[in-house]
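Comments concern the structure below.
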Amino acid sequence: MSVVSTEINNDIAVIIIDNPPVNALSHAVREGVSRAFVDVEARDDVRAIILCCAGRTFCAGADISEFGKPPKSPSLPELIDQMDKINIPLIAAIHGTALGGGFELALCCHYRILEASAKVGLPEVNLGLIPGAGGTQRLPRLIGVSQALDMITSGKPVSAEKTLALKIADRISQNNLKQNAITFAEEIIKNKQPAKRVSDLDIKDNSEVFDIFAKKIAARTRGFLAPAAAIEAVKAATTLSFKEGLMVEREQFIKLVEGAQSKAQCHLFFAEREAAKVPGIDKNTAVYDIGQVAVIGGGIMGCGIAVSFLNKMFPVTLLEISPDACGAARQKITNIYDSSVKKGRITEDQKEKMLAGLILTCEYDDIANADLVIEAVFEKMEIKKQVFEKLDSVMKPTAILATNTSFLDINEIASVTSRPQNVLGLHFFSPAHIMPLLEIVRTDHTSNETLATALKLAKMVGKTAVISGVCYGFIANRMSSCYGREAGLLLLEGADVEQVDRVLYEFGMPMGMFTMLDMAGIDIGVMAREKLGPELYDQRAFAIHTALVKDGNKGQKTGAGFYVYDGGQKSLNPMVTELAKIFADAFQITRRTISDKEIEERCIFALINEGFKIVEEGIALRASDVDVVYTSAFGFPRYKGGPLFYAEQIGLDYVVRKINEFAKMHGERWWKPSNLMIKLATK
Ligand code: 3H9
């Protein structure tokens with residue numbers, strides 16, 4: 001069956017793209033649309049052409065899986081060039097999302113009608129690219145340079161309502177898009193409205209805007225090449241002819257699509273979707289209906305989790321131990337919403353609607369009918385077991401019992417229930433209502449139905465789900481503790497806090513290790529390690545942390561940690577250098593000058609090695625899942641594709657060689673290379 005068809009309705013041709021699931025502009029689609037235009041233009045009875053899509057959405061852009069393969073004509077720019085020469089009025093009828101090349105097709109049409117729920121956008125920056133089929137030249141002509149820069153460099157889609165205000169849309173369709181598009185076309189024909197090309201519109205030279213805009217987005221886009229390239233291309237739209245501007249756009253696009261960043265970001269695009277695919281679970285696996293959600297514990301995590309569900313209009317009952325604790329939890333949740341209103345993310349009305357779904361209680365009986373309960377109480381096995389015993393006795397038989405534990409053995413937690421098949425980990429990251437990752441931890445007994453329900457739920461609440469097996473720290477925190485261990489050891493060996501932080505920041509992490517610890521509170525890790533046996537961590541690496549906390553230096557919240565915070569000024573805490581010398585002596589570590597390269601490789605290769613071990617042990621289903629976890633949970637630079645993708649790019653044989661060197665220098669306890677990595681390196 002052809003992916004493009006044409007219907008003739010009197011003097012209106014309707015070209016329909018039908019390439020499930022998202023009408024990506026594959027070669028077959030481009031060829032089909034191109035031929036359809038030729039055929040329609042050859043007729044003498046067609047006076048308007050509608051371009052629309054079947055299925056759930058308008059085109060979601062170029063077919064990303066074709067990037068890196070030999071180009072096949074007609075390319076998208078060739079197709080759009082062909083469309084720009086058509087003199088019959090062209091109308092794009094948009095439902096779902098018109099993204100990237102899909103939106104560029106619509107921008108090349110002369111008129112646009114959008115379904116009220118539709119969105120349009122140019123998300124190419126998320127793939128390390130810029131729009132490559134005229135988007136950087138047409139959009140600023142249509143909506144002005146500032147708005148276009150915003151849309152192109154943020155990649156965020158805009159609503160139909162906004163497209164009307166921006167004059168991207170000529171009309172909004174409340175229902176029956178196709179019929180409304182035909183009515184619109186009839187009006188255009190009747191009024192003899194011309195073929196209104198965006199490429200013919202004037203554009204104002206706005207030279208002063210670009211530098212200001214580049215500065216405004218500098219922090220957010222640090223390290224990414226695409227946003228600066230997008231600014232260059234839009235600038236060309238203001239200084240050059242349309243045709244010359246297209247050439248600048250093309251040049252930038254090709255440079256990016258052939259570069260490492262785009263390959264890394266496209267890897268993550270597919271990895272994030274692959275992560276939700278679990279062998280043995282498919283669309284036929286039964287899922288439980290989740291209507292009511294309960295959360296146990298109104299701390300920061302519990303409240304953030306509650307907000308994640310309230311945001312999607314799930315009724316949530318939050319259980320706390322006393323009326324005072326209930327009041328405090330309600331206040332925390334209200335504060336989160338107040339801050340969202342203040343930032344303009346939601347309206348007061350939306351806040352009220354979401355908060356209306358919240359019930360606070362101290363009685364387990366009040367949550368007995370919930371379909372899902374997520375426990376977020378103190379991180380102590382005895383307490384968690386008590387909670388799960390209670391949940392097992394009160395919750396309805398089909399309820400899913402989830403724990404938000406970051407480290408504890410969920411098999412052990414599940415063992416106190418009579419329904420271990422319904423127990424799993426739902427590990428959110430703080431702040432839970434903002435961070436995109438959800439680690440779904442499968443125990444030895446979690447049923448496929450429970451897992452499939454969790455995967456579906458993750459999608460419903462807008463989280464990127466990754467499945468992890470049970471191990472200490474699961475995927476994210478197990479990797480992170482290796483990274484933290486090396487940073488801590490480096491301090492004893494002679495590096496200073498600022499050097500380690502600078503190197504990691506320059507590598508592309510959002511902040512250095514010690515800045516992060518100061519922000520989060522050093523005491524959290526110190527408390528967690530108190531319960532661990534020495535076999536699970538390197539006491540030397542965290543000796544400074546413990547000593548700092550003992551002295552009341554817990555980080556930013558106490559005015560001092562690894563740094564001292566004085567009226568907004570941050571400086572190195574001299575105590576840390578002293579402690580480093582004392583502990584180096586105590587552990588017989590010789591202090592030396594440490595190069596930036598060693599700091600980077602010690603911290604990053606520790607992550608990589610642990611990541612491969614996690615795959616080797618079957619804790620993660622695949623290497624790309626590890627990449628998704630570390631980019632989503634800890635800000636590993638997306639333009640490097642995640643730790644394991646990055647390792648492949650720099651050469652696995654090199655990484656193995658360095659790890660062997662580290663093993664010789666520092667012992668095999670932490671530096672035994674993963675067998676899987678060795679195997680892959682010698683392939
Ligand atoms: C571009 O357009 C460049 C041009 O400027 C210039 C060219 C010269 N290609 O996300 P979902 C697959 S760059 C190929 O789960 P949803 C996806 O992998 C492109 N495949 O659905 C998945 O496959 P599977 C700019 C694609 O409903 C399936 O479709 N466009 C593409 O949650 C369902 O996807 C973008 O960056 C694609 N373009 O969300 C938009 N898109 O089932 C990227 C999706 O085997 N797409 N697939 O795992 C999206 O943002 C979301 O997919 C969308 C739907 C919002 C559309």
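Order of appearance sets the numbers: ligands from 1, and atoms from 1 within every ligand.
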* Asked: Which is closest to atom 36 (O) of ligand 1 by heavy-atom distance: T136, L127, D63, L99?
  -> L127
* Asked: Can P123 be said to touch ligand 1, with heavy atoms closer than 4.0 Å?
  -> yes
* To do: Check whether the side chains of S632 and T464 place a donor and an acceptor atom closer than 3.5 Å, and report yes or no.
  => no
* Hey, does K277 sit under 4.0 Å from ligand 1 if you only count heavy atoms? -> yes
* Asked: Who's the nearest protein heavy-atom neighbour of atom 9 (N) of ligand 1, and how far?
  -> I64 N, 2.9 Å
* Nearest neighbour in protein (non-hydrogen) for atom 32 (O) of ligand 1 -> K459 NZ, 3.0 Å
* Asked: Right, does atom 53 (C) of ligand 1 have protein non-hydrogen atoms nearer than 4.0 Å?
  -> no
* Looking only at side chains, do D84 and S199 share a donor and an acceptor under 3.5 Å apart? -> yes
* Asked: Which option out of G61, A24, G134, A60 puts a heavy atom nearest to atom 30 (N) of ligand 1?
  -> A60
* Asked: Going by distance only, is there an N or O of T97 that falls short of 3.5 Å from an N or O of ligand 1?
  -> no
* To do: Considering only protein heavy atoms, determine whether one is less than 4.0 Å from atom 23 (O) of ligand 1.
  => no
* Give the residue and atom name of whichever protein heavy atom lies nearest to atom 16 (P) of ligand 1, and the separation in Å to one decimal. => R56 NH2, 3.4 Å
* Under 4.0 Å to a heavy atom of F269 - the qualifying atoms of ligand 1, by number -> 18 (O), 41 (N), 43 (C), 44 (C), 46 (N)
* **Protein contact to atom 6 (C) of ligand 1 [nearest heavy atom, distance to 0.1 Å]** => G132 N, 3.5 Å
* Any atoms of ligand 1 less than 4.0 Å from a non-hydrogen atom of P131? List them with their elements. => 5 (O)
